[in-house]
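Given the structure is predicted, the values throughout are model-derived calculations rather than measurements. Each chain gets a letter, A, B and so on, in the order its sequence line appears, and its residues count up from 1.
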Amino acid sequence: MREKLVLIDGHSILNRAFYGVPELTNSEGLHTNAVYGFLNILFKILAEEQPQYLAVAFDLKAPTFRHKMYDAYKGTRKPQPPQLHEQVPVMKEVLTAMGVPLLMKEGYEADDLLGTVAKRMEKEGLDVSVVSGDRDLLQLATEHIMIRIPKTKRTGTEIEDYHAKEVLEKYRVTPPQIIELKAMMGDASDNIPGLPGVGEKTATKLVVAYGTIENACAHVEEIKPTKAKNAFLEHYDLAVLSKKLATIDTDSPIDFVLEDARLTDLYTPEAFALFKKLEFKNLLGRFQCDAPDQKIEQYFYAVEDFGEAEDVFAQAAGAALVSFSVISHKGEVKGISLGWEKEKIYYIPAQGFVTDQYLCEKMTEVLEKADAAVTMNVKEQLSYLHVEKKNLFDAAIAMYLLNPLKDTYAYEDIAKECLDLLVPSVQELLGKEDFGSEDEKAVKNAACYGTYTCLEGKAKLEEKLKENGMWDLFKEIEMPLVYTLYDMEKAGIKADGEALKQYGEQLSGRIKELETTIYDLAGETFNINSPKQLGVILFEKLQLPYGKKTKTGYSTAADVLEKLAPEAPIVSHILEYRQLAKLKSTYADGLAGYIAADGRIHSKFHQTITATGRISNTEPNLQNIPIRMELGRMIRKVFIPEDGFVFVDADYSQIELRVLAHISGDERLIEAYREAQDIHRITASQVFHVPFDEVTPLQRRNAKAVNFGIVYGISSFGLSQDLSISRKEAAEYIEKYFETYPGIKQFLDQSVADAKEKGYVTTLFGRRRPVPELSSSNFMQRSFGERVAMNSPIQGTAADIIKIAMIRVNERLKAEHFRSRLILQVHDELLVEAAKEELDMVKQILAEEMHGAANLKVCLEIDMHTGENWYEAK
DNA sequence: ACCGTCACG
DNA sequence: ACGTACGTGACGGTA
């Protein structure tokens, strides 16, 4: 049996992968799509062929002989896009890490290296596969040298294989004759001139008839198409040059030691580290990683008896910095890990000799005594630790501030980014069981890795936060907010389950009626909730004109249907059905499932999710309870205060626009805010040059839309959609707006310029948002980046401000021992459940703290209401 | 798991 | 020519 060698044309495959795989970057903004695509092709080929040897050829930068000939002939080569160019060294690094030899030689193209090695190894008795996107290489094909050309198709990557036989079948010439063919017909992409007027058809005919250029020339008088004959007579030199250009040198003086190319284990620790850095998460599964981590794991101790546990806690209490984690799964404490020096990290399981209660009490004591403590996800652990002292450092939040674009913040990221260390993730150690796993050793290791990385990484995180100007933000806003959010989650909001049920039943009744009507009008029953089926009914059966299309079919979105409503009565029924179905499923039924035993809904607030610094809310999301439509708004009546309490709801009035006025420093807008109660009206008056009292409702509406648009990172298209006007008109509005408020225009431009230069934008309080999209080659992506650069400082600063207000309101309510509690935040709004006798004080506190959260050039106004339910209070 | 849709600021 | 407003989360349907 012949051994097999796979040779890969590095640049060619990287190039192909670059254009075949959609844009992909890691969280640092490094482009990775080509490397990713290359690896996928590589793994596919290795799986198919199971070769014994593998090598990859690259051109070196220095111009090669053939390029020089070409350059002399006609200008320079096409430049590589920078997004691809930056991936070349990464690709080489990855291959080297996997132990794959790189074939490179100054003055030789990859083609020549591939040809030389292929022929040489064929002689040694090997089967050789050459993988390239370049059809030039077909000249190398023989019985034992197979040329493999990957093609990206909709179904994935397919590979065309060519031995000599297939070349002959497909091109009607032998592999060496491919050179003659190319030389005659030329190749624009390879910059081979060829003979003028000779294309693929004629060239093939001539090669089949005469075999070579030289022989064709010898019979030049017989050549049939006169065009080709004349080309030969006048441009023979061009054909000879082309042939030289097209011929691959199969006898390059390169050193190739077959044994170096022997395939051993590609999945080395070095490769694993690189894959992690590149964030090729679905390729990581190919590695079995335990070896590189054993050095750290030897520091992990499982505490085995009560005396030892006591001892560990006692020592920890005296430490300057304690790293710890309460390990829990589905609300049950499994154990605690802690450590204060890197060589000794302990895991104390809550079983046998100690109870979970004992552990939590001791841990609380330690935290109260220790100077400082670090962990990840403090808020999730607070229910087990009744700490008064707020001296915890949440490493996950630190990571979030350093890069808010990531999906998750786990200890392995700290290890990678702060310690240059590769550690296995919880997922890798415990699988999807998580900390519910029965594997005690793995649980210990997972817990201790977290404690170890936090202990070692804290100083670096602190340093990075300081370097990036976010230390105050972390210390004064984000960390205190953790405790505020914990209090809010614990408090929850009371919901009237009975009222919710009635509301749902009321909806059901109307939904049934609508269903009947819709089926009747459609002439058949179908699933109205299926956009696909609905599309077929509306646009095929009923022949309504379709507006937009989505990837999967016709769009049936509300804005499309609204335009269609006059065409057919069914459409407005569908719109109503949709509205009610949404209310029923998401709100009536959805919320009911979240009412806890105490009659309250305890939804979760998330502090490390959004790119801008806002808080997000889930299980359920109470930040998107309906309000705009009356029917939906009614659901707010089920949110009620405890007996003896009322709701106080306070929201900032146009906080984002006020923030914009402040940051941009635009005098006119600032002045407008100092004077007018109705900012949209005064904007209309100034932009359209009409007296304040003569602004028409339409002008006000338009001005309001522009104000919103500005905050979102204005585009004429977006505004035109919003106002249903032409793009040109929208552009005129924007232009007028910028003429009126030149400071705003300047600020927005500056934001984009800063983002382009520095790669990120910042809020008034120093929060950063990276904007990697700005360096994209894709117009859409880049435009998105520009809007992000305009919007994030505004949205983010507003988020910072309300966070400050929340912390202060909560602190004052607690410090002054009120029974009233802050229970919800909805971006620019705070909801307090106030004891009736404390109402006046609560209103006072809310007003003071929200107002005073930031000192801007315009004042921060709030609107405040009280009520017996959330509907009334808003 | 992903898409389309739609609720909020 | 490209095909968009910024930021979220939940649902039902479909692959």
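Mapping A:K582 and A:V711 onto DNA chain C via the closest heavy atom, the residue that lands nearer the 5' end is A:V711.
B:dG4 sits 14 Å from C:dG3 when the P atoms are compared, rounded to a whole Å. C:dA5 and B:dT5: their P atoms are spaced 13 Å apart (whole Å).
Put simply, CZ on A:F717 is 12 Å from P on C:dC6, counting in whole angstrom units. A straight line from CE of A:M629 to P of B:dA7 spans 8 Å, rounded to a whole angstrom. Atoms CZ (A:R727) and C1' (C:dA1) sit 11 Å apart, rounded to a whole Å.
Within a 6.0 Å radius of CZ in A:F526, other residues, nucleotides and ligands contribute more than 12 heavy atoms. Counting non-hydrogen atoms of neighbouring residues, nucleotides and ligands closer than 6.0 angstrom, the OH atom of A:Y673 exceeds 12 such neighbours.
Here A:S783 lies out of heavy-atom contact (under 4.0 Å) with every strand. In this structure, A:N621 reaches the sugar-phosphate backbone alone: every heavy-atom distance under 4.0 Å involves primed, P, OP1 or OP2 atoms, never a base. The residue A:N617 sits close only to the backbone: its heavy atoms come under 4.0 Å of sugar-phosphate atoms, none of a base. Within 4.0 Å (heavy atoms only), A:G709 reaches at least one base atom of the nucleic acid. Residue contacts shown for A:F708 are absent, as no nucleic acid heavy atom lies under 4.0 Å away. Residue contacts for A:A730: at a heavy-atom cut-off of 4.0 Å it reaches no nucleic acid atom on any strand shown. Residue A:E656 is classed as having no contact, given no heavy-atom separation below 4.0 Å to the nucleic acid. At the heavy-atom level, A:L583 lies nowhere under 4.0 Å from the strands shown.
With hydrogens and angles ignored, the 3.5 Å screen pairs a side-chain donor or acceptor of A:K379 with a backbone N or O of A:F605.
Residue A:I627 has its side chain nearest to B:dG9 when only C:dA5, B:dG9, C:dG3 are considered. Nearest nucleotide to the A:Y587 side chain, out of B:dT5, B:dA7, C:dT4: B:dA7. Closest contact between the side chain of A:I609 and the listed nucleotides C:dG9, B:dT5, B:dC3 involves C:dG9. Side chain of A:A558, nearest nucleotide from B:dC8, C:dT8, B:dC6: B:dC6. Checked against C:dT4, B:dT5, C:dC11, the side chain of A:T556 finds its nearest nucleotide in B:dT5. Comparing C:dA10, C:dT4, C:dA15 by their closest approach to the side chain of A:E619 singles out C:dA10. Comparing atom distances between the A:Q533 side chain and each of C:dT14, B:dC8, C:dA5 picks out C:dT14 as nearest. Of the listed nucleotides (C:dT14, C:dG9, B:dT5), C:dT14 has the atom at the smallest distance from the side chain of A:S530. Considering only side-chain atoms of A:K532, the nucleotide from C:dT14, B:dT5, C:dG7 that sits closest is C:dT14. For A:D722, the side-chain atoms get nearest to C:dA5 when compared with the rest of C:dA5, C:dG7, C:dT4.
The base of B:dT5 is not paired with the side chain of A:R578 by any donor and acceptor separated by under 3.5 Å. Below the 3.5 angstrom threshold, one finds no donor paired with an acceptor across the side chain of A:R769 and the base of C:dG7.
Geometric assessment of A:R768 against the ring of A:Y760 yields a positive cation-pi assignment under the 6.0 Å and 45° thresholds.
Between A:Y36 and A:F280, the ring planes lie tilted relative to each other; the angle falls in the 30° to 60° range.
In a base pair of the Watson-Crick type (N1 to N3 plus N6-O4 or O6-N4) or a G-U wobble (N1-O2 and O6-N3), with each distance short of 3.5 Å, C:dC2 is matched with no nucleotide.
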